[in-house]
Every structure is written in C-alpha cells, then in structure tokens.
S.K.: 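The structure's right below; bear with me while I get my questions together.
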Amino acid sequence: MIPRRRVVVGAVVTVLLVGGLVGGWFAAASFQSPAQVAANAAPPPPGDIVATVTFGALSEQITARSDVVRESAASVQVAAGSGDQSVVTAVGVPAGSELRAGAVVLEVSGRPVIATTGAFPYYRDLVEGATGPDVEQLQRFLRDLGYRVGGLGEFGPQTAQAVRALYKDIGYEPTTREAPADELQTPGQNAPAPSTGDAVSEVAPTDGTGTDPAAPVDGTTGSVAPAAPAQLVVVPRGELVVTGSLPAVVGTTPDVGDVLTAENATITLGQGAVVAQAKVAVSVLPVLGEGMTATLSGPDGTVLDATLGAIPAPPTATGDEAAPVEVGVPLVAAQPIDSTWLGANVLTTITVSAVADEALRVPARAVAVHSDGTAVVQRRESDGSFREVEVRELGRLGGTSAVEPVTADALSAGDEVKVE
C-alpha cells in the first residue's frame, strides 16, 4: 500500500508540471517579434471603391421663395377720423374679395370708408359750397355711379343731393353741419337764385278779400317763427379712399379692433392676372438669365413650370440706407396660377445650368478616357469582377457625369461602377 503522503506529493508535482506547460504555451502565443508587430500595424490592402449608377437630370439649381400677387398692386391709405382714436369696427370687403366703386371697404368708428376712383387722395373735408379740383374728382366719381351732380367743380345742391343718395344707398346717414350765419344771409353757391318757375312773388297772397290770410285776425301784430338753421352736407376725407381704377381684389386690410396708425392704416389692392415673383439674393443675380426654367410648388401640392422674366439690375445703396440683399425676379408661368395661391409663399426651384434632362449619372472619376478618345466605365459583375463598358459622356457638373452606354442596356441605373 502506497503511503498517503507520496500520493499527495505526486499530485502536487503533476499540477505544477501541467501549469507550467500551459503558461509556457500562452507566453509563446502572446509573444510577437518586432516584424510581426509591424505587419499587424500595417493597413489592409486597399479594396475597390464603387458607386451606384443613378438616373435623372443633371443640373445646377437654386431655390427661392416666391410671392404670389396680382399683376398690378396698389396700396391706399385710410385717413384718420376726427375723433381721438380711429378704430376699425367692421370690414366691409374681406381679403380676396372684389372691391367695386362705391362699396364700403371698412367701417371706422362706426362711419363708412368708401372706395372711390381718382387721381389723388382727398386732402380736406368737402363741404357743400366748396369748389376746386377735389370737388370735381368727387363729382366725376358720383357721376360714374349714376348720380346727377350739376356743374363740375362746384359742390352745389345737386352734388349735395347725390351725396345724400350715395350714403342712403350704402346704409349710412351723411355728415352735415349748420351753415354759418353769413351764408344764410348772402345768396351764393348754397342758395342759388331760383329758376323762373321757382320765383317768389313780392305781392303778399290774399284769400280773395284783400286780406293776408297769414295775418292775425285780432289786428295785433304777429311775429314769424324763425326758420330752422340750414344744414350743409359734408364729406369727411377720412370716409373716402382713392385708387386709380376699380374693381380690384382686396389683398389686406386692417382688422376689426385695430386702432389706425400711420403704419397700419393701409389697404392693398390687386388687379389683373395672378403672378409670382421670386425673391433671390443679390449675390446670385450674375448667374441668372432671362428664360431660365423654374418650377413653382404651390400650397396645394401643384407644381407649375415657369421661366424667368427680365433680370433686374443689382440695387445700390441710397443715402444712409444699405442696398437690399434680396430682389424680386418675375416668373412667367406656363399656365395660369390659381387665385387660391394669392398671398402664399411658394417654393421656387430655378435651373441655373442643365447638362442633361434625363441620363445615367456616375461620379466623374468613374469615367476613364482611352488614348483613342473612347470613354469607358468599369461595371462590377455578379462575381465581383469588373467589365469595361463603353459610354458617351454627355457632360459634367459638380463632380458628376451624365453618360449613356454605346450598347443599349449595357449600363443601367442600380449598377455599380468602379471609381478610380
């Protein structure tokens, strides 16, 4: 029988031998010579760089925003009323609606603002009895609406009656004021001499007995009741806005509740066709040219083709004001622009340079030219190898070439080509 102590010693020796062998193997495996370290640190051999062939237009484009407005636009100023504040109490013709002559476009502090036609804004309140070019302008406007005004240039009784009729037709009372005493005593423009048919006899009327029927019957001296003061018709200048011609389409107006100031008392009007104008940076004007193609992407998703109109000259600084950084370039749409686009800010894409409308596109470095002038690309096959395909290079733009294969279907969108 082997003593227990010898067995234990033998086991310990065996464990030590096995541990030494394993440790030596790990040490040998982890040890690397300097040559091995350098080899492991070197980059892997370069692989082939490929790019996918795409299909589409090859062109240089810029994007801008376009304002959509009426062909002819104008702004008219609403004059402040006579009160402490002029507050918009109603909008008579909302934005996008047609405004006709004689219509109430706004109501300010409960009074109408009437759309009129003329060559200049009214600069004073027009009072019955007044004369001047502004009176004539008002009379021509009234006459165009069908009212009788009498002699032009003088605010006489017929013109006053026409004003009363206009205000009645739009649902308001005209403004009046008491005539001054000197005007009551002196016949003039407000009290013209009556015609023959309107003449008054100087002989007192009688009842056939020679007695004035209006005289008191008791012989006492009677007194005549004073006549009511005469009222003159007044047209406040704040109740008239003037534009060159009507009808027109309302663009913007002050809102109900706005207190009118010099900044917001403006009504914009448009006439004619709906047009677009691209807002472009002054810095890109040199690369733009009349007739360049563009597209307009409308708020309803519709895309319209267009071309650039006349390119404006770069603006210059005036006085202390810096030159604008943006200018408007007109766009000529291939078909009418829908009126629902009015006021919208439309995305516009302008094609500055077009190489090909529809072509296969590859990186320019994928096209190689042989000594005989033949252009080729290297198309990757299914097994990973490359086959040379002869192509015609249609043009280059920004590192991309437009190509077409000499042999039909030899190159297609989705193929991969080697990039040198």
Side-chain angles (χ1 to χ4, degrees), residues 35-66 278 280-281 283-297 301-309 311 329 331-335 347-420:
Q36 289 175 314
V37 172
N40 291 336
D48 294 318
I49 300 175
V50 296
T52 302
V53 180
T54 59
F55 182 81
L58 181 58
S59 59
E60 181 181 0
Q61 298 176 323
I62 62 173
T63 58
R65 308 298 299 187
S66 289
V280 300
S283 59
V284 305
L285 284 179
V287 303
L288 299 181
E290 186 174 355
M292 285 183 174
T293 60
T295 58
L296 300 170
S297 300
T302 304
V303 177
L304 298 181
D305 293 329
T307 56
L308 294 188
I311 308 301
V329 177
L331 292 161
V332 182
Q335 60 191 78
L347 176 65
T348 304
T349 304
I350 303 170
T351 300
V352 177
S353 176
V355 174
D357 291 333
E358 292 184 338
L360 296 173
R361 299 173 300 192
V362 299
R365 291 179 58 187
V367 181
V369 181
H370 294 324
S371 58
D372 61 357
T374 302
V376 297
V377 296
Q378 300 289 330
R379 188 190 72 186
R380 183 151 72 175
E381 302 296 298
S382 58
D383 61 359
S385 63
F386 290 91
R387 184 172 71 87
E388 193 173 85
V389 176
E390 185 178 353
V391 297
R392 281 187 288 270
E393 190 172 21
L394 305 177
R396 296 187 179 193
L397 181 66
T400 301
S401 292
V403 299
E404 62 179 11
V406 174
T407 302
D409 300 328
L411 188 68
S412 303
D415 290 343
E416 291 183 328
V417 294
K418 182 188 289 188
V419 180
E420 298 295 342

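All values below were derived from every heavy atom in this structure, side-chain atoms included, with hydrogens, water molecules and symmetry-related copies excluded.
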S.K.: My understanding is that only residues two or more places apart in sequence, or in another chain, count here; which of them pass side-chain contact (heavy atoms from CB on, under 4.5 Å) with S412?
M.R.: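 For S412 the side-chain contact (heavy atoms from CB on, under 4.5 Å) partners, ignoring immediate neighbours, are D415.
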S.K.: List for me each residue that meets side-chain contact (heavy atoms from CB on, under 4.5 Å) alongside A334, sequence neighbours excluded, and say none if there are none.
M.R.: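 If we apply the side-chain contact (heavy atoms from CB on, under 4.5 Å) test to A334, skipping adjacent residues, the hits are D305.
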S.K.: Can you name the residues that form a side-chain hydrogen bond (donor to acceptor under 3.5 Å, both in side chains) with T302, not counting sequence neighbours?
M.R.: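 D300.
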S.K.: Would you say the side chain of L288 lies within less than 4.5 Å of the side chain of I62, judging by non-hydrogen atoms?
M.R.: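 Yes, close enough: below the 4.5 Å cut-off.
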S.K.: Using a 3.5 Å cut-off and no angle test, enumerate the donor-acceptor pairs between side-chain atoms of residues 364-374 and protein atoms at least two apart in sequence or in another chain.
M.R.:
residue, atom, partner, partner atom, Å
R365, NE, E420, O, 2.8
R365, NH2, E420, O, 2.6
H370, NE2, E388, OE1, 3.4
H370, NE2, E388, OE2, 3.2
D372, OD1, T374, N, 3.0
D372, OD1, T374, OG1, 3.0
D372, OD2, T374, OG1, 3.2

S.K.: Could you name each residue pair satisfying side chain to side chain donor-acceptor pair (under 3.5 Å) that touches residues 392-402, not counting sequence neighbours?
M.R.: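 Non-adjacent pairs meeting side chain to side chain donor-acceptor pair (under 3.5 Å): R392-E404, E393-R396, E393-S401, R396-S401.
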S.K.: Among all residues two or more places apart in sequence or in another chain, which pass the side-chain contact (heavy atoms from CB on, under 4.5 Å) test with V355?
M.R.: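 Expected list: L58, L397, A402.
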S.K.: Identify the two heavy atoms, one from L394 and one from A359, that lie closest to each other, and give their separation to 0.1 Å.
M.R.: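 Looks like CD1-CB, 3.8 Å.
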S.K.: Taking side chain as C-beta onward, heavy atoms only, is L331 less than 4.5 Å from L308?
M.R.: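 Side-chain contact under 4.5 Å: yes.
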S.K.: Applying salt bridge (Lys or Arg N to Asp or Glu O under 4.0 Å), which residue pairs with at least one partner in residues 348-364 are found, sequence neighbours left out?
M.R.: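 Sorted result for residues 348-364: empty, none.
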S.K.: Quick one: side-chain contact (heavy atoms from CB on, under 4.5 Å) partners of E381, sequence neighbours excluded?
M.R.: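 By the side-chain contact (heavy atoms from CB on, under 4.5 Å) rule, E381 matches R379, D383, S385, R387.
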S.K.: Run the side-chain hydrogen bond (donor to acceptor under 3.5 Å, both in side chains) test against T293 and tell me which residues pass, sequence neighbours left out.
M.R.: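 Result, side-chain hydrogen bond (donor to acceptor under 3.5 Å, both in side chains) vs T293: none returned.
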S.K.: Closest heavy-atom contact between R380 and V50?
M.R.: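 Answer, listing the atom of R380 first, then V50: NH2-CG2, 3.7 Å.
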S.K.: Would a 4.5 Å heavy-atom cut-off, applied to side chains only, mark Q61 and T351 as touching?
M.R.: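 Yes, close enough: below the 4.5 Å cut-off.
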